[in-house]
Protein chains: 2
Amino acid sequence: MGGSMLDKAAVILECFSPSGGPYRLSELSERAGLPKPTVHRLAGDLVRLGWLERSGPQYRLGAKLFELGSLVPHRLDLRETALPFLQDLFEATRETVHLGVREGMEVVYLERIHGHEALRLPSRIGGSLPLTCTGVGKALLAFSGPELMEEVLSRPLPSLTPYSITDPTRLRMALEKIQVSGLAYEEQEAALDVSCIAAPVFAGGTTVAALSVAVPRSRFSPAQLAPAVRTAALGLSRVLRGSG
Amino acid sequence: MGGSMLDKAAVILECFSPSGGPYRLSELSERAGLPKPTVHRLAGDLVRLGWLERSGPQYRLGAKLFELGSLVPHRLDLRETALPFLQDLFEATRETVHLGVREGMEVVYLERIHGHEALRLPSRIGGSLPLTCTGVGKALLAFSGPELMEEVLSRPLPSLTPYSITDPTRLRMALEKIQVSGLAYEEQEAALDVSCIAAPVFAGGTTVAALSVAVPRSRFSPAQLAPAVRTAALGLSRVLRGSG
DNA sequence: CCATACTGTTCCGTGTCACGGAACAAAGTT
DNA sequence: AACTTTGTTCCGTGACACGGAACAGTATGG
C-alpha cells in the first residue's frame, strides 16, 4: 500500500481536491507525505503527460484531466439527457439548479446551472457533500432503500451549518415526509440563507439521481417551486425509462 | 519514451479518448500497444485508484477522473463566469450554445447547453475539433494574432464535412471578414445541416474564449442571432475584464 | 461432446528504473 | 553578508515492474 509509482501519482493529484488551488513543490511534498525529490520527479512526469500544468513554481491540474474527466460515461450520459430538463427548470424558476447522484454516503454533483446572481453555495460540479445536509442528498437518501437509510442514520450526522440536522430522529421523520410527498425540502442546512427543494429521478425501478432548485431564503416560496421541480424530475425519469 | 509505469497508465487511459466507450482487456491491450499481462496489472491498479471502473469484463473511465477533471482551475473559472451569459444566449435563441477555448491548433469545448432537440454535432464538452471547421474555432483563430493564422494556413486544412473550407485563400478571406465584423459564420463546415454563428471573448487584451450558437440550417437567420451572440460575448468580456 | 480459438488470469526469474538521502544551487528573509 | 527555505541534480541500491509462458475460464461450431 502506498507503494507503486501510480499510487504516489494519485496521492499527488488528490492533493488538489477539493481546493484545486495551485501548489508549490514543497507544499505538495508535505501534503502528499512524499520526499521532495520524489515529488519533483513525479510532478515532472505528470506535467509531461498533461495531467499537471506548471507556471513558474506553481503546479495546477492539467487540461488532459479535464478532457478525460468529461468522458466518464455514466456521468456523461446522464448529464446529457438531463440538461434539457435542467434548462426547463431554470427557465421556470430562474434560480440555481442542481443535478446530483449518490456515491456511497455522499452526493456528487453532475451539473449546476445558474444565472447572474452569485448565491454562495458549497456545491460544485464534480464535488461531493454529505447526503444529509442537502436537498439533492436527502431526496437520494429517502429513495435509496431502508438499508442505506439506517446505515446513514446509525452514524454521526455531519453538518455544514448550524441548521444542518444532526439528530437522527428528526432526520428520520424528515425522510419519511419526503418519501410520502416525493419532494425534499431543505432550509439553510447546506448554506446559510439558502433554501432548497429537490425531487428524485427514477429509472428502471431505482433512484438514479435527484435534481433541485436552490434559492435565497427571502425568495423561497415552495408553492411556486414544487411543481416545477416535480415536473422536471418526472420528465427526466420518463426519458430515462425510454432509453435505459 | 513509453518507459515508466505512468506513461503506460496514461496510454491506457487515453485509449478511452475520444470514444469513451467500454473496452475489454484484450481491446485495451491492442489499442495501447502493451502486452496483456501488463495491461491487466495496470488496469487493476487504476481500478483500485478509481480512475477506471470495471463491470464484468468491461473497463470504463472512473469517477475519480470526473472529480479531478472538474477541478482544473482555468477551465473551472471561465466556465463558471461564462455560464450566466450562456444561459442568456440560450434563452434568447433557444438553440444549442457553445463555449470554447483555443488549445494549440484546436478548439476545446468547455460548455455546451441545449434544449430537448437533439441536433447531432461533433462537439462535446472536453472534446476538441480543428480550429478551421467550427464557428468557435474560426472566431478564436481570427483574433489570436497573425502568427497563428499563418501557421494554420500553411498546413493542410482538415475537414469534417464536404463543406469544410480546405482552400487557404478562401479561409484567409473568411477570417478577414470575421476580423472586421467581429462575428464568425459557419455553414455546414462542422456538421451537415448545421449552421453556426460565433463571437470572440476578450480579457486583458487577448482572446480567451469564444461562444457560439448552432442551429439547424433551415432555421438559420443571422439577423436574429447575431445581436444575441455579440451581446453575450461582450457581456462576458466585460465581466472578465473586471475580475481578471 | 470434444475440438478450436479465443479470452482473462496467475506465475516467476530477470533486469530495470524508481527511490530518496545527501549534496548543491537559487531565491527569499532578517 | 549570514541564514533559511525552496528547487534541482546526483547516484548507488534494491525493490518491484516487466512480460513470456503456462494455465484457466468462456464463447463458437462442427
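Hydrogens, waters and symmetry mates are skipped; everything else that's a heavy atom, side chains included, is used. Bear in mind that the values here come from a model prediction, so they are computed numbers and not experimental data. In what follows, every chain begins at residue 1, and chains take the letters A, B, ... in the order their sequences are listed.
With a cut-off of 3.5 Å on both pairing distances, the Watson-Crick and G-U wobble pairs of DNA chain C assemble into stems of 3 or more at C:8-24 with D:7-23, C:26-28 with D:3-5.
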Polar atom pairs (N or O), protein with nucleotides 25-30 of chain C, under 3.5 Å:
none

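Not one side-chain nitrogen or oxygen of S26(B) sits closer than 4.0 Å to the OP1 or OP2 atom of dC6(C). A sub-4.0 Å separation between OP1 or OP2 of dG8(C) and a side-chain N or O of H40(B) is absent.
Here L52(A) contributes atom CG and L65(A) contributes atom CG; the two are 7.5 Å apart, rounded to the nearest 0.5 Å. To the nearest 0.5 angstrom, L211(B) atom CG is 9.5 Å from L140(B) atom CG. Put simply, CG on L157(B) and OG1 on T132(B) are 5.5 Å apart, with the number rounded to the nearest 0.5 Å.
E117(A) pairs by the side-chain contact (heavy atoms from CB on, under 4.5 Å) definition with R219(A), not counting sequence neighbours. Applying the side-chain hydrogen bond (donor to acceptor under 3.5 Å, both in side chains) rule to R155(A) yields the partners E151(A); only residues at least two apart in sequence or on another chain are considered.
Using a 4.0 Å cutoff on non-hydrogen atoms, no part of residues 50-63 of chain B comes near DNA chain D.
With respect to D7(A) and R48(B), a salt bridge is recorded, a charged nitrogen being found less than 4.0 Å from a carboxylate O.
Atom CD in E30(B) sits roughly 12 Å away from atom P in dG8(C) (whole-Å rounding). Following rounding to the nearest Å, K36(A) (NZ) and dT6(D) (C1') show an atom-to-atom distance of 5 Å.
Ring geometry, H116(B) versus F85(A): the interplanar angle exceeds 60°, so the pair is classed perpendicular (tilted spans 30 to 60°). Ring planes of F143(A) and F202(A): perpendicular class, angle over 60° (limits at 30 and 60°). Ring pair H98(B)/Y109(B) is tilted by interplanar angle, where 30° to 60° counts as tilted.
At least one donor-acceptor pair closer than 3.5 Å links the side chain of T161(B) to the backbone N or O of Q188(B).
Put simply, the residue from E80(A), E103(A), E111(A) that forms a salt bridge (Lys or Arg N to Asp or Glu O under 4.0 Å) with R75(A) is E103(A). The only option from M149(A), M105(A), R102(A) that meets the side chain to side chain contact (heavy atoms under 4.5 Å, CB included) definition with L141(A) turns out to be M149(A).
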Going 5' to 3' through nucleotides 13-29 of chain D and flagging B where a protein heavy-atom sits under 4.0 Å of the base, S where only the sugar-phosphate is that close, and - otherwise, we get ----SBBBB--------
Tell me, with the steps shown, if L240(B) and L78(B) meet side-chain contact (heavy atoms from CB on, under 4.5 Å).
-> CA-CA 8 Å; L240(B) 290 174; L78(B) 183 53; 4.0 Å; yes
